[in-house]
Structures are given as C-alpha cells and as structure tokens.
Amino acid sequence: MNDLLYVNGGNPLTGTITVRGAKNFVSKSMVASLLGETPSVLRNVPQIRDVKVVSGLLDLHGVNVKYDTDAGILDLDPSNVESAHVADIDAHAGSSRIPILFCGPLLHRLGEAFIPDLGGCRIGDRPINYHLDILRQFGAVVDKRPNGIHLRAPRRLQGTKISLPYPSVGATEQTLLTAVRADGITELSGAAIEPEIMDLIAVLQKMGAIISVDTDRVIRIEGVDRLEGYTHTALNDRIETASWASAALATGGDITVKGATQPEMMTFLNTFRKVGGRFEVQDDGIRFWHAGGDLKSIVLETDVHPGFMTDWQQPLVVALTQATGLSIVHETVYENRFGFTDALRKMGATIQVYKECLGGRDCRFGQRNFHHSAVVSGPTPLSAADIEVPDLRGGFSHLIAALAAKGQSTVRGIGLIDRGYENFQDKLEALGAEVVRG
Ligand code: EPU
C-alpha cells in the first residue's frame with residue numbers, strides 16, 4: 001500500500017463531504033452482535049480499517065459477516081459462534097483496541113476468551129487494568145500469557161457493583177457488554193456517558209437488555225438470559241466532523257459536512273465560535289467556515305463528555321496556530337497527546353509543551369512528568385515539510401497542517417489515517433485539495 005501523500009497546500013478547502021457512522025460506536029455495536037441469538041443489521045457503517053479488523057475477529061469466532069460497502073450495511077449472523085485458534089487471533093495483535101471488548105460476550109457464549117496484545121494509537125500508556133478488574137468482579141478468571149490474555153468463566157458471570165476511578169469509555173462499554181447477560185443486577189458508578197455509549201445502550205436495549213442511565217454517572221443493568229439480534233443505524237462520527245471543521249478553519253475554507261448533527265457537537269461548536277469560526281446547522285449537516293479576519297486565541301481543556309473531547313484537540317490545535325495571541329490547551333484525558341506538535345513546530349508553528357496543568361484545574365497528570373499542556377502562539381504561517389504521521393488524530397492534524405502550508409509537503413504513514421477516516425483522499429479532492437499518493 002502506498003503510504004505517502006504529497007500535499008500541495010496553501011489553498012482553502014471548500015465544498016461538501018459526507019460523514020457516516022462513528023468509528024468509536026460502530027466497532028462496539030459489531031461486538032454486541034455476538035451477544036444475540038439471532039442476526040443483527042447495522043446501517044451507516046463507514047469503510048474504515050477498524051471495521052475490517054473487527055469483521056475479521058468476528059469471522060474468526062464463527063460470526064458470518066457480510067458488508068455492503070456502498071450501502072454501508074453490515075449483516076452479522078452469530079448463529080455459529082465458536083472458539084478461534086489462538087494463532088489466528090494473535091495475527092490480529094497490535095491492530096486495534098477493540099479485542100478487549102470481546103471478553104464479556106465470548107465468556108457468555110463460550111465460557112472462555114483469548115485476547116491478543118492490543119494496538120491502537122500511541123497517545124499514552126493506555127492500560128487495560130480497569131477492564132481486567134471489571135471482568136474479575138463479574139467472576140472471570142484472568143490469566144496473562146506472553147502473547148495475550150486468556151479468560152474463562154468457571155460459572156455464569158454474576159452481576160456486581162463497579163465503581164470506575166475515571167469515566168473510561170472502554171471500561172464502561174466492557175461493563176455494559178458483560179452485565180447485560182450476567183446473572184442479576186450490575187450497578188456501575190463513575191460511568192462514561194459519551195453519545196457513542198448512549199447509542200450502544202440503545203442497541204443493547206433493542207436486543208432485549210434492561211439498562212437505566214441514572215443521574216451522576218450511574219448506570220444500572222439487569223441481566224437477562226437471552227438477547228436477540230438488532231437493526232440499528234449508527235450515529236454519525238462527531239470526531240470526523242470536528243476534524244473537517246478544523247480543516248476549514250486552518251485553511252481559511254468553507255466545508256459543509258453532510259451527516260453532522262448538532263446535539264453531539266454542541267461543546268465543539270461553542271469552541272469553534274469562540275476561535276472565530278462560523279457555522280450553520282442545516283437539516284442534513286453543518287456548514288463550517290472561516291469568516292475572514294483574525295482567529296482568536298482561547299483557553300481550552302479536554303475532558304470526558306460533555307466536555308471538549310480529547311479527539312477534537314489535535315485537529316483544532318492546527319487552527320490555533322493561525323489564531324492571534326496565546327492559546328492554552330490542557331489535555332486531561334491522555335497523558336501523552338501532544339507528540340504531533342513536533343511536526344507542527346518543524347512547519348513553523350510556535351508551540352511549547354509543559355508538564356504543569358495549565359488552564360482551569362489540576363488533572364491526574366499534574367506533577368507526573370507528562371507533557372500534557374501546550375501553549376500555542378500565533379499566528380504563524382506554516383511552511384511545507386516532510387512529516388511522519390504519529391497516530392490517527394495526530395495524523396489528520398498533520399494533513400490539515402500540510403493543507404494550510406504553502407508548498408508541497410510529504411506526509412508519511414498515512415495508512416494510519418485509514419483506520420478512522422473513510423475515503424479521506426477522495427474527500428480532500430472533493431474539497432479542492434491537491435493531493436497525490438506517492
Ligand atoms: N484508562 C486506564 N485504565 C483502563 C482504561 C483506561 O487507566 O483500563 C485511562 C486511559 O489511559 C485514559 C483514560 O482512562 O487516560 C480514558 O481512556 P478511555 O478508556 O476512555 O479510552 P478508550 O476507551 O481506550 C476511546 C476511544 C478513543 C477516545 C477515548 C476517549 C475507541 C476505540 N477509542 O478510547 O478514541 O479518545 O475513548 O473518548 O472508542 C480515537 O478515536 O482516535 C481514539 C483514541
């Protein structure tokens with residue numbers, strides 16, 4: 001695969017593109033299909049590599065997966081779920097973090113599960129201690145092996161009381177996917193309540209689960225003996241939407257994102273407006289544009305929902321290099337999400353990273369040697385460079401920077417971007433970008 005993109009930047013991106021289902025929901029609801037006794041149908045599925053990876057893992061476990069890529073429809077038939085060979089599962093090692101979510105469903109269906117070493121973006125340590133603690137609380141026996149983790153359920157998993165030390169998205173999903181078929185009631189406090197999690201709860205409810213979302217991040221699940229398949233249309237990708245919005249701002253462009261929805265974007269839209277961007281919510285999408293004049297610097301802190309998403313941070317920082325004055329960005333979700341700024345500095349941006357918690361409040365990473373705050377001084381014209389994609393969102397940010405910079409940049413390792421951005425090259429071309437795969 002050609003992993004290089006030559007980008008001739010310096011021109012505003014203008015036009016219309018479409019986003020489909022959210023990467024961080026679609027993969028989880030694919031896993032949920034394992035819990036059903038009958039087939040499931042998922043609509044609005046984007047053609048991204050994470051969908052391929054999860055399809056491969058489901059296939060290994062006997063799920064019959066059919067994907068109509070143009071229509072975006074996945075048919076998932078779990079009638080013959082079976083154990084997979086460790087070597088086959090291991091071949092998927094390093095490709096994604098989703099395998100950890102197979103644990104609960106496989107323990108219910110087969111009494112055991114093997115999870116390969118996990119991949120995903122290198123944006124911090126990304127431990128799985130919450131996941132393993134949760135599974136142990138349900139009664140699973142966890143055995144760490146050199147190439148992965150083996151789990152078994154000596155008897156039916158038991159509902160339990162779980163309190164998360166931090167509202168982790170994955171740990172909340174782990175609890176949901178395990179509790180729905182456990183014996184009795186599970187009470188989860190300190191839960192994440194991201195829109196993608198609410199959509200997963202909607203899917204599980206369609207399957208026959210009994211889940212109530214109470215106040216103060218408490219989710220209560222009454223286990224049931226049997227779940228059916230579901231038919232569901234995935235919510236759209238709010239991270240991709242914000243990425244294109246940031247691209248419009250950084251390049252002085254005007255992008256309409258069909259499929260973008262306002263409720264999931266509210267926090268982003270507030271920030272976008274404060275920086276000086278304009279938007280118009282339409283019936284079938286949102287138009288984002290740079291209104292001309294100077295962009296304004298801001299103080300920004302990432303947080304769990306309903307805060308400003310960590311995944312929105314990297315693309316927006318590129319736009320902040322074009323804002324007048326000092327912007328302060330405090331990353332409180334991941335300890336190491338500013339690695340991508342090295343490339344921006346090489347392109348002329350003035351960004352300094354700090355170990356201190358800059359911004360409104362202290363976070364888990366203060367005084368712990370993590371460069372998790374950044375000060376961006378602008379505006380600085382960006383110049384073309386030869387840059388290497390570090391991770392999914394950082395990679396898209398590099399693309400935005402290359403599009404904003406005058407001259408030809410070489411962006412290496414763009415295969416990483418295929419993990420979460422559907423047909424991004426076609427979309428860039430539709431917006432008038434001059435890009436060529438090398
Ligand atoms: N954490 C632990 N222990 C655990 C699990 C998490 O300490 O066992 C910590 C993490 O290290 C992190 C924090 O808790 O500091 C939050 O992590 P979380 O579990 O919420 O993240 P995740 O479920 O691994 C998902 C998305 C990420 C997104 C985060 C936060 C998927 C596949 N990934 O990750 O998306 O940033 O939630 O919203 O859903 C991306 O799409 O590029 C991406 C990285």
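Order of listing sets the numbers, starting from 1, for every ligand and every atom in it. Heavy-atom basis, side chains included; hydrogens, waters and symmetry copies ignored.
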Problem set entry | H131 contact mode with ligand 1 (heavy-atom cut-off under 4.0 Å) | both
Problem set entry | Which segment of N129 sits under 4.0 Å of ligand 1 when only heavy atoms are counted | both
Exercise. Hey, which atoms in ligand 1 end up nearer than 4.0 Å to a heavy atom of Y166?
Worked result: 13 (C), 14 (O), 16 (C)
Exercise. For ligand 1, is any non-hydrogen atom under 4.0 Å from R419's backbone (N, CA, C, O), its side chain (CB onward), both, or neither?
Worked result: neither
Exercise. Can you list the atoms of ligand 1 that are under 4.0 Å from a heavy atom of L392?
Worked result: 42 (O)
Exercise. Does any N/O atom on P127 come nearer than 3.5 Å to any N/O atom on ligand 1?
Worked result: yes
Problem set entry | Distance-only N or O hit between ligand 1 and G170, under 3.5 Å | yes
Problem set entry | Under-4.0 Å salt bridge between E422 and R20 | yes
For this session: Specify the closest pair of heavy atoms between H330 and C363, including all atoms of both residues, with the distance to one decimal.
Result: NE2-SG, 3.4 Å
Exercise. How far apart are the closest heavy atoms of E194 and V169, and which atoms are they?
Worked result: CD-CG2, 3.8 Å
Exercise. Is R220 paired with D214 through a side-chain N to carboxylate O contact shorter than 4.0 Å?
Worked result: yes
Problem set entry | Salt bridge flag under 4.0 Å for residues K355 and E335 | no
Exercise. For ligand 1, is there an N or O atom under 3.5 Å from any N or O atom of R393?
Worked result: yes
For this session: Pick one of side chain, backbone, both or neither for how E196 approaches ligand 1, counting any non-hydrogen atom pair under 4.0 Å.
Result: neither
For this session: Please check if the distance between the ring centroids of F114 and H150 is under 6.0 Å.
Result: no
Problem set entry | From the candidates W312, Y334, F25, the one that places a heavy atom nearest atom 30 (C) of ligand 1 | Y334
For this session: Please determine if R238 forms a cation-pi arrangement with F268, meaning its NZ or CZ atom is less than 6.0 Å from the six-membered ring centre and no more than 45° off the ring axis.
Result: no
Problem set entry | salt_bridge(D386, R412) N-O dist < 4.0 Å | yes
For this session: Please state whether G420 comes within less than 4.0 angstrom of ligand 1, counting heavy atoms only.
Result: no
Problem set entry | R109 side chain vs L34 backbone, donor-acceptor pair below 3.5 Å | yes
Exercise. Is the shortest heavy-atom distance from the side chain of I387 to the side chain of M347 under 4.5 Å?
Worked result: yes
Problem set entry | I239 N/O under 3.5 Å from ligand 1 N/O | no
For this session: Would you kindly specify which portion of T310 sits under 4.0 Å from ligand 1, judged on non-hydrogen atoms: side chain, backbone, both or neither?
Result: side chain
For this session: Give the atoms of ligand 1, by number and element, whose distance to some non-hydrogen atom of K23 is under 4.0 Å.
Result: 40 (C), 41 (O)
Problem set entry | Backbone or side-chain N or O of E194 under 3.5 Å from ligand 1 N or O | no
Problem set entry | Contact (N/O only, under 3.5 Å) between V333 and ligand 1 | yes
Problem set entry | Residue V169 vicinity, atoms of ligand 1 by number, heavy atom under 4.0 Å | 18 (P), 19 (O), 20 (O), 23 (O), 37 (O), 38 (O)
For this session: Could I get the full list of side-chain contact (heavy atoms from CB on, under 4.5 Å) partners for I298, not counting sequence neighbours?
Result: T271, K274, V275, L300, L316, L320, S327
Exercise. Quick check: does E173 get an N/O under 3.5 Å from an N/O on ligand 1?
Worked result: no
Exercise. What are the atoms of ligand 1, with element, lying closer than 4.0 Å to any heavy atom of R97?
Worked result: 24 (O)
Exercise. Q174: heavy atom below 4.0 Å from ligand 1, yes or no?
Worked result: no
Problem set entry | Atom indices of ligand 1 within 4.0 angstrom of I128 heavy atoms, with elements | 8 (O)
Exercise. Any side-chain heavy atom of V257 sitting closer than 4.5 Å to one from R287?
Worked result: no
Problem set entry | Y130 contact mode with ligand 1 (heavy-atom cut-off under 4.0 Å) | both
Exercise. Does ligand 1 have an atom that lies less than 4.0 angstrom from a heavy atom of H305?
Worked result: no
Seminar exercise, completed: Note: ligand 1 atoms sitting under 4.0 Å from heavy atoms of R337 are 36 (O), 42 (O), 44 (C)
Exercise. Side chains of L176 and I219: closer than 4.5 Å at any heavy-atom pair?
Worked result: yes
Exercise. side-chain hydrogen bond (donor to acceptor under 3.5 Å, both in side chains) with T332: which residues, sequence neighbours excluded?
Worked result: none
